[in-house]
Peer 1: 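Let me give you the structure first, and then I'll get to my questions.
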Amino acid sequence: MNIKKVGVLGCGLMGSGIAQASATAGYTTIARDVGEPVLEKGRSGILKSMGRLVEKGKLAAGDRDAATARLSFSTRVADLKDCDIIIEAVTEDLELKNRLWQELDAICPAHTIFASNTSSLTIAAMAAATKRADRFVGLHFFNPVPLMPLVEVVRTVTTSPETFDRAYAFAKSLGKEAVTANDNPGFIVNLLLVPFLLDAARALERGIATTADLDRAMQLGCGHPMGPLTLMDYIGLDTVVKIADIMFDAYREPRYSAPPLLQRMVIAGFHGRKNGRGFYDYSVDPAVPSELGLGGKR
Ligand code: CAA
């Protein structure tokens, strides 16, 4: 069965980016989140992102208008019942995700594929909560979704070859490059990226270098587009800690444990760019390194 209608659970940074990519690729798309304010934030983020792409000549104005017309928003899970594929991008909480999957499992047709954008949870733990474990995959996108070309397509023990092929083809139809990963926490990218990011926070904590120099070193020394501390702010420090906790739980290796500095920052409400405070203070333009109680100016 061809995919025509796409459902997206969650309209935060990742969910809205996925909904944007789906609508731009020609799919009728519905994004669901718990309340109007978060849907409105998602909608305005999509319009802003599309506006930038039009300005840069990367998207025709007519295609932007058509994509916008294909996109709708809802607070009701039941409104996703006639979708051919549903991509979940809600917070990294297995119970929450499984409650949503079970609700949808009861109302979606048999052919509907369930796909999770989880960064670190096991796909098997979601598939097993449904009666369609063979039609369950991981589709892991990267932030910012409209610009990052990669999707990890994740096969778990129960994923049928047909479901995997359909999900892989769907990822490619969004204009993305797909790679195949087995269902291990972190897949390919986060398995390698998360310890690197945590090590950058550890280096700052140990006073090895300042925030700006740590970032500059990796940008100029290794050609990274963003330094690791800037990248953590970009992903969201609360999200980084959640991913690290899940990976540490799974692997029990110190390199996946969130350092105390990062934990303290999240407790103090430093969530990164999304709320204006992280390793950098975004209340000024350009952002400046935050004073994090480490002694001395960072
Ligand atoms: N939508 C549309 N256009 C956007 C955009 C968006 N959301 N964000 C940025 N842009 C555009 C800008 O307008 C700009 O356009 P021009 O170059 O034509 O002027 C262009 O993209 C570049 O933006 P900036 O100048 O602001 O910044 P930049 O050159 O540093 O590029 C970036 C931004 C693409 C994000 C780049 O810094 C980058 O690739 N950073 C690394 C991102 C990364 O590693 N992402 C993965 C995170 S890990 C993850 O997502 C998985 C997980 O599970 C945690």
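One-based numbering, in listed order, for ligands and for the atoms of each. Keep in mind that this is a model prediction, so the values were computed, not measured.
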Peer 1: With a cut-off of under 6.0 Å to the ring centre and 45° to the axis, is Arg43 in cation-pi contact with Phe73?
Peer 2: yes

Peer 1: Could you tell me whether atom 27 (O) of ligand 1 has a protein heavy atom closer than 4.0 Å?
Peer 2: no

Peer 1: Quick check on atom 34 (C) of ligand 1 - does any protein heavy atom sit closer than 4.0 Å to it?
Peer 2: yes

Peer 1: Looking only at protein heavy atoms, which one is nearest to atom 49 (C) of ligand 1, and what is the separation?
Peer 2: Phe142 CD2, 3.6 Å

Peer 1: Do Asp281 and Ser283 have side-chain N/O donor and acceptor atoms under 3.5 Å apart?
Peer 2: yes

Peer 1: Please work out which of Leu231, Ile46, Leu53 has its closest non-hydrogen atom nearest to atom 44 (O) of ligand 1.
Peer 2: Leu231

Peer 1: Centre of Phe114's six-membered ring, under 6.0 Å away, within 45 degrees of the axis: is that where NZ or CZ of Arg132 sits?
Peer 2: yes

Peer 1: Is His224 touching ligand 1 with its side chain, its backbone, both, or neither, if touching means heavy atoms under 4.0 Å apart?
Peer 2: neither

Peer 1: Taking NZ in Lys274 as the centre, count heavy atoms belonging to other residues, nucleotides or ligands within less than 6.0 Å. Is the count above 12?
Peer 2: yes

Peer 1: Measure His140 to ligand 1 on non-hydrogen atoms and call it side chain, backbone, both or neither using the 4.0 Å cut-off.
Peer 2: side chain

Peer 1: I want to know whether Phe279 and Phe270 have ring centres closer than 6.0 Å.
Peer 2: no

Peer 1: Please check if a non-hydrogen protein atom sits closer than 4.0 Å to atom 21 (O) of ligand 1.
Peer 2: yes

Peer 1: Decide, yes or no, whether a salt bridge links Asp79 with Arg32 under the criterion of side-chain N to carboxylate O below 4.0 Å.
Peer 2: no

Peer 1: Just to confirm my output: which protein heavy-atom neighbour is closest to atom 9 (C) of ligand 1, and how far is it?
Peer 2: Arg52 NH2, 3.1 Å

Peer 1: Say you draw a straight line from CZ of Arg273 to CG of Asp233; how long is it, rounded to the nearest 0.5 Å?
Peer 2: 8.0 Å

Peer 1: Counting heavy atoms only, which of Leu150, Leu147, Val189, Asn190 comes nearest to atom 11 (C) of ligand 1?
Peer 2: Leu147

Peer 1: Of all the non-hydrogen atoms in the protein, which one sits nearest to atom 15 (O) of ligand 1, and at what distance?
Peer 2: Lys56 NZ, 3.5 Å

Peer 1: Between Glu162 and Arg135, does at least one N-O distance fall below 4.0 Å, as a salt bridge requires?
Peer 2: no

Peer 1: Just one of Leu204, Leu231, Thr230 clears the side chain to side chain contact (heavy atoms under 4.5 Å, CB included) bar with Asp215, so which one?
Peer 2: Thr230

Peer 1: Should Ser119 be counted as touching ligand 1, given the test is an N or O pair under 3.5 Å?
Peer 2: yes

Peer 1: Scan side-chain atoms only and decide if Lys242 and Thr91 contain a donor-acceptor pair under the 3.5 Å cut-off.
Peer 2: yes

Peer 1: Of the protein's non-hydrogen atoms, which lies at the shortest distance from atom 1 (N) of ligand 1, and what is that distance?
Peer 2: Ser49 OG, 2.6 Å

Peer 1: Under 4.0 Å from atom 7 (N) of ligand 1, can you find at least one protein heavy atom?
Peer 2: yes

Peer 1: Can you tell me the protein heavy atom closest to atom 36 (C) of ligand 1 and the distance?
Peer 2: Pro225 CB, 3.9 Å

Peer 1: Find the distance between CG (Asp65) and CG (Leu59) and round it off to the nearest 0.5 Å.
Peer 2: 9.0 Å

Peer 1: Any non-hydrogen protein atom below 4.0 Å of atom 53 (O) of ligand 1?
Peer 2: yes

Peer 1: Evaluate whether atom CD of Glu253 has more than 12 neighbouring non-hydrogen atoms of other residues, nucleotides or ligands under 6.0 angstrom away.
Peer 2: yes

Peer 1: Show which atoms of ligand 1 fall inside a sub-4.0 Å distance from at least one heavy-atom site of Pro144.
Peer 2: 7 (N), 35 (C)

Peer 1: Is it true that Leu193 lies under 4.0 Å from ligand 1, counting heavy atoms only?
Peer 2: yes

Peer 1: Nearest to atom 40 (N) of ligand 1, what protein heavy atom do you find, and at what distance?
Peer 2: Met226 SD, 3.6 Å

Peer 1: What protein heavy atom lies closest to atom 45 (N) of ligand 1? Include the residue and the distance to one decimal.
Peer 2: Asn143 O, 2.8 Å

